[in-house]
Amino acid sequence: MNREENVNREEAMDREEAMDWEETAQEREFRQEVRAFVRDRFPACYRPDPEAEHSLEPEDVWGYDWPADRRSADPERRAAARAWAAALAERGWIAPHLPVAYGGAGLSPMREFILREEMMRAEVPTVNGIGAMLLGPTLVEYGNDEQRAAHLPGIARGETVWAQGFSEPDAGSDLASLRTTAVREPAEASDAADAEVYRVNGQKVWTSSAQHADWLFVLVRTDPRAPKHKGISFLLIDATSPGITIRPLRDMRGADPFAEIHFDDVRVPVANRVGEENRGWYVAMAALGFERAGIGATIKFERVLERLITSLRSAQGQDFRRADTAVLRHEIAQRHIELRVQYAMARLTASRQTAGAVPGYEASVSQLLGAELHQRLARTGAKAFGPYAQLWQRDGAPMDAAFAHMRFDAVAATLLGGTTEIQRSVIATRGLGLPRS
Amino acid sequence: MNREENVNREEAMDREEAMDWEETAQEREFRQEVRAFVRDRFPACYRPDPEAEHSLEPEDVWGYDWPADRRSADPERRAAARAWAAALAERGWIAPHLPVAYGGAGLSPMREFILREEMMRAEVPTVNGIGAMLLGPTLVEYGNDEQRAAHLPGIARGETVWAQGFSEPDAGSDLASLRTTAVREPAEASDAADAEVYRVNGQKVWTSSAQHADWLFVLVRTDPRAPKHKGISFLLIDATSPGITIRPLRDMRGADPFAEIHFDDVRVPVANRVGEENRGWYVAMAALGFERAGIGATIKFERVLERLITSLRSAQGQDFRRADTAVLRHEIAQRHIELRVQYAMARLTASRQTAGAVPGYEASVSQLLGAELHQRLARTGAKAFGPYAQLWQRDGAPMDAAFAHMRFDAVAATLLGGTTEIQRSVIATRGLGLPRS
Amino acid sequence: MNLTSTEDQRHIQAAAAELLAARRMTAGARAVREEPEGHSPELWKEMTALGWPALVLPEEHGGLGAGFTDLCLLCEELGRHQIPSPLLATVACAALPLARHGSAQLCAQWLGAVAEGRTLTYVRAAPHGHWGTAGSTLTATPSGRGGFRLDGTALFVPYAGTADAMLVMAQVGDRTELTALLVEAGTPGLHRHRLDVVGNTPEYRVAFTDAPVPASRVVGTVGGGGAVAATAAALGTAATCAEMVGGAQGVLDMTVAYATTREQFGRPIGSFQAVQQHCADMAVDVLGARVSTYEAAWRLTRDLPAELAVSGAKAWVSERYERVCALAHQVHGAIGFTAEHDLPFFTRHATAAALSFGDADHHTGRVAEALGL
Amino acid sequence: MNLTSTEDQRHIQAAAAELLAARRMTAGARAVREEPEGHSPELWKEMTALGWPALVLPEEHGGLGAGFTDLCLLCEELGRHQIPSPLLATVACAALPLARHGSAQLCAQWLGAVAEGRTLTYVRAAPHGHWGTAGSTLTATPSGRGGFRLDGTALFVPYAGTADAMLVMAQVGDRTELTALLVEAGTPGLHRHRLDVVGNTPEYRVAFTDAPVPASRVVGTVGGGGAVAATAAALGTAATCAEMVGGAQGVLDMTVAYATTREQFGRPIGSFQAVQQHCADMAVDVLGARVSTYEAAWRLTRDLPAELAVSGAKAWVSERYERVCALAHQVHGAIGFTAEHDLPFFTRHATAAALSFGDADHHTGRVAEALGL
């Protein structure tokens, strides 16, 4: 039985990785290098915005929204964001896994894990996460030489910011039912240039940071008569193209983390298609498979749990702390245990990828655990402060109301990027080999 | 919108019942009457069997298995079980809701609720639960006069014990796919008598107490060509008919709470069919709708929780009690709160039925809550005693190992009589009006 | 109006539902969010005209003499439609405790006023925000002729900005026993500052600086405020549960409606088993919330021992209403996370109301104590 | 045999899996349930011949010198196939603590014997069954020449019926500090009574009545048994986690196989969303159990601080293995509740192993303490 063999091979790999959790001397050295770099090069004036809601991207740290910061109305913040990007780009650390030729650093998954871990611990912002982590690997695998040459260096230098246009109002969990159309026009019919173009019409929604993006990667329907997964193409679209309207959407916290995008007769060169026509679904699935949630969220959670414990022991924390703490301390310990498991899973994933193992389902498991852990952690943290957890204002609130806000951030954790119900079905069918429904 | 109206009407009823939780003077008087009856008439020598596993029927109290007891090898126990049945039958309290003409007491649902509650509190066994609670109401509603006259008095006197043959090895959650066949034979082909008969072949499984039953009510397929729900009939079958083999099934606790039944050319008079031919599915669904789980389980759980609290305060309990009790006391309080909710739901159901309201989904909700509460309660109780909870032997174990055993009893709670997954779908579709999948 | 029969109760609730549904656009949480009062004064006038604040007050003071349960029915409808209103704070937390514990003079002065539309609120500032009956961070210093000077700061005082008077729990000097005082809005040294909070109810920080309170404003006896606080907490908790029951029912209805109409994979999402399981869990939660709340309310109405019932209800309702909202978000997906959707108002309500009068853990702990554990 | 490379480890585990799969019918929990030894002595001989008990013992005492993790790999396979075996009690709870804390003479005497197939067990009788390092209900009374007379009763001593010696934690007189003693099976005044327990491991009540223990049998120092108990508990806990990881994986595999083949409503039940959600939850639980267990085992192998890792693993694994079994029962339905099915053996194992060395709450409490909460 094929699945069975597969599972056994994967487990054998698990066990190999489980045997030695120690970092090599080279890995420890690299970790020191990252720490020194951040200490030396992170712009001192690039401070977290105290009033910010948390970005919904798992790789982002609180207080920063780099795609927005690099265009901030505040010239100092704008300059700081760009300086940080330039510093990272020097080392190839914006897109560290990309080949050096394209501006990356050619790091192994384990090194990239260490780099991201140290950046999260230092609480400095990730630069160009969507372009670097989602589109970059996709172009490496599915793009052609021209596309790689045209787009990867801009991503790796932090000069071009990308957003992902997949979801539509009527295509959420059922992403493949998307209806944005791209109709191919013969060269002569196109008034713009001599190249063949697609004429794109339709609407995307829930596109993270679209309002700050230079370019979009978008799924469109190129064959309306084909079965739904087989008529989709993957296009790269300049966000400044005529006919594009991007409207930020306000979320329940009052932030604008995502936007809707309207395409009204937008002309896109056929050369901007990644992969074959009508095979875009498979390109997109690969893009979504490039793991992002792993280490970033874990370290963020770990740090906020540490802050909670420290706060509860502090004088201010004592004032705010609920009177009855028996259940609270048990819950905090549970969160600690869960985080330890999540961290170990993330290391396992990185080390397996480094060893070149066939990806198993551990990245999906890690993401599912992380999303639900986010919600539990927010509840536990809020619980610590009894009635004071209802303070939304930062001023005068315990831990600057971090947990009051996190409770609402966490609502999105089990929805965006695929609901946890869908994630579970993916684990069951692709991971465990259960039959599709 | 019809569903919407229905929900609103039901809610209005909820509220009416929610307004006054006090028993009427007559109800209090009836409660006293039941208490006095049990005190005076329950045979002193009819003691719980200290080694027994709990029956899986929700209306049964621990230590008794009345269908087995009435045929016990121990003549004293046999006599006691029969004496208790006779005493109840005098008042019509074996099948209290049945009309007096058939040997019942014609009690309202509220009175029946009080009767069962007091019997559970006194920890005396229910007599003839399956016949009285499932088949009795079914015959009243769907049987004909001959069937009622033939069978109801035997049920009400505790003389005829029934078992329900619905599930089959390949028809569990998908009950309607059952394959036991009943083929009608013309009178002349039957060698037994002059009446027309069905010839029944097939197998039933998970039939509670079948090995102790005199009669069976069984679903059979009478039209193999019809859609699966529309070719089923509901038959009453004498368990001593030639061709019937009943084999008890051992469960994971070592008890034999159910059996499998093989039908090998069993002849069943056509007159024993309840309802129209090929309409048996709807008769069965009605039978399953007659609420059984409501009050019995609640009172049992309440009493065992009380015993736990008492035990933890006692000298023996102190020895067995785990060292760290912070989480334990919180869990016990949670179980108490949940039981209180379940009791209130059961009262609501009874009082709505008494008021003649259209049944809503509260009985299903009550059953689902009760099944899962059973498992939580077992875990909480076992947790109280740390390592001592692994004692399966009664001797020298805390609370005679009640919770060690209950943990295994409770495994069945969310499976038998429909898995909780199926129960949830029923609540969603029939109760809330969501579309069927 | 005979309010004893359940038919009348149904009538009240149906009328309330009709009014509130009609006023949702102008008086709902979204509409009044930025308003300085934090609720709709116009709707309050309508409610007053319909006798809502008078409903459960004693007849001798201008009330209609209905049972406490009837107030809970109104709170349930307010919760279901997410209409912020000073009704609960005014009646459950201040007027009813006043009616039970206050002097004839105070009752005469204030209960009739409430029946005519004046509003009250309740100031309970205990260390760690604990909802017990002892200890306060507000200090009343005796100042001659039985009067006091009040000092200290309290958080989370609902509708303080518009309340005409406040039932204040203070401790006299170092004594931890409470003393209940009725402090009028115009009192010198009283400062009110609106807080930015998670919930839809306008909450205030109330500070007293050497604020004079005459002896006649003591509710009950000096040092006997624990009983007043117990009444306010019990009634406030039960009425809050009713408001949450309404909210949870509203969320369930909204979710069932969405799951019935929203399609993915060519069929309504409500036909998917995972969505059905979520909705069934919500139904369990809501029904349990309703029965436990109305049992508690009934016990309070009849003046029966209610501590286990009230704490049990608050523990269940707090946890389950939050779960109902979480499941509703799962079913709604991204649209439910947007500011334009109504679900977030319920989620905010659930989060805040779960904390009011003590959260689930607090009340579970009270049950544990009552069980002698 | 070079046991340091992971390739060898894979080889060991694959060989173990093959052997145990082949012996399941004769040596599995079902087969040995009614046997007086509670395990298969034949299989134990085979294991000994293959070097299993010797695997992680020091080479100077006839061991193969492999790391503790390798023992956990064997325990995992034992759990996966539900093969009761004295391996864990012998090696993790007695031989390794002896190797670390015992005198050269005791090690010379017993470690080689273990490598050749003698078995040991561990007797830890603390008040309330608490797995701490202080307090015992067994009393060792000094009786001249540094020896003791041992009195008292201990519950839940695994494989005591066949063990050749027992590592016993006792307190000397009233002192709560522990003293570790190695008591041989033939000691007068030693009584062993098999208990009827939930799990598949044979557990005994062991009673000592004026049982003589010579001075040479003290492991470590008098009053210094806490360190021995800590070693036994840490290694025993981690090895038990490994056994549970194997059990949980076995349940997951069994459940996926059943869900793939069992049909209802005309399709495999594994295609239903509710079943898929359950199986995905099981996958999360099992993967988390494996990574946390092997991290803890690695820390113990390297002698790094491991308290948080071990307690975290035991808390996670205990809760999650029980959940895995509960979900497996949901997927299997009634057939999984029958005595003829293998699932109940896993459920019994999960229930009992979750309690061994302290349950999830106990270990969560230890984590809370370690965090300074």
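All values derive from a computational prediction rather than experimental measurement.
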For chain A, which candidate among [options] shows the most heavy-atom pairs at distances under 4.5 Å?
| options | value |
| --- | --- |
| D/Gly270, D/Gly312, D/Ser311, D/Ala289 | D/Gly270 |
| D/Pro268, D/Ala360, D/Ala315, D/Gly372 | D/Gly372 |
| D/Ala313, D/Ala309, D/Gly288 | D/Ala309 |
| D/Cys279, D/Ala370, D/Ala14, D/Ser292 | D/Cys279 |
| D/Ala297, D/Cys72, D/Ala280, D/Ser271 | D/Ser271 |
| D/Val275, D/Leu252, D/Ile269, D/Val291 | D/Val291 |

Proximity breakdown for [X] and chain D, heavy-atom pairs closer than 4.5 Å:
| X | value |
| --- | --- |
| A/Gln423 | neither |
| A/Thr325 | neither |
| A/Arg313 | side chain |

Q) What residues form a salt bridge (Lys or Arg N to Asp or Glu O under 4.0 Å) with A/Glu23, not counting sequence neighbours? A) A/Arg31
Contacting moiety of [X], where chain A heavy atoms sit under 4.5 Å:
| X | answer |
| --- | --- |
| D/Gln273 | side chain |
| D/Glu369 | both |
| D/Ala368 | both |

**Q.** Considering all heavy atoms, the nearest A/Leu434-D/Ala259 contact
**A.** CD2-CB, 3.8 Å
Q) Taking only residues at least two apart or on different chains, which pairs with a member in residues 256-267 of chain D satisfy salt bridge (charged side-chain N to carboxylate O under 4.0 Å, His left out)? A)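 Those involving residues 256-267 of chain D are B/Asp170-D/Arg262.
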How long is the straight-line distance from [atom2] of [Y] back to [atom1] of [X], given to the nearest 0.5 Å?
| X | Y | atom1 | atom2 | answer |
| --- | --- | --- | --- | --- |
| D/Arg299 | A/Trp21 | CZ | CH2 | 11.0 Å |
| A/Leu312 | D/Leu371 | CG | CG | 11.5 Å |
| A/Ile427 | D/Asp281 | CD1 | CG | 8.5 Å |
| D/Gln276 | A/Arg436 | CD | CZ | 9.0 Å |

Q: Anything in residues 328-341 of chain A with a heavy-atom distance to chain D below 4.5 Å? Please list those residues in order.
A: A/Arg329, A/His330, A/Ile332, A/Ala333, A/Gln334, A/His336, A/Ile337, A/Glu338, A/Arg340, A/Val341
Q: Check ring pair (Phe, Tyr, Trp, His ring centres under 6.0 Å) between A/Phe301 and all other residues, then give those that pass, not counting sequence neighbours.
A: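 Ring pair (Phe, Tyr, Trp, His ring centres under 6.0 Å) list for A/Phe301, sorted by chain: A/His374.
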Q: Would you indicate whether the side-chain heavy atoms of A/Leu369 and D/Leu287 approach each other to under 4.5 Å?
A: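 Not touching, per the 4.5 Å side-chain cut-off.
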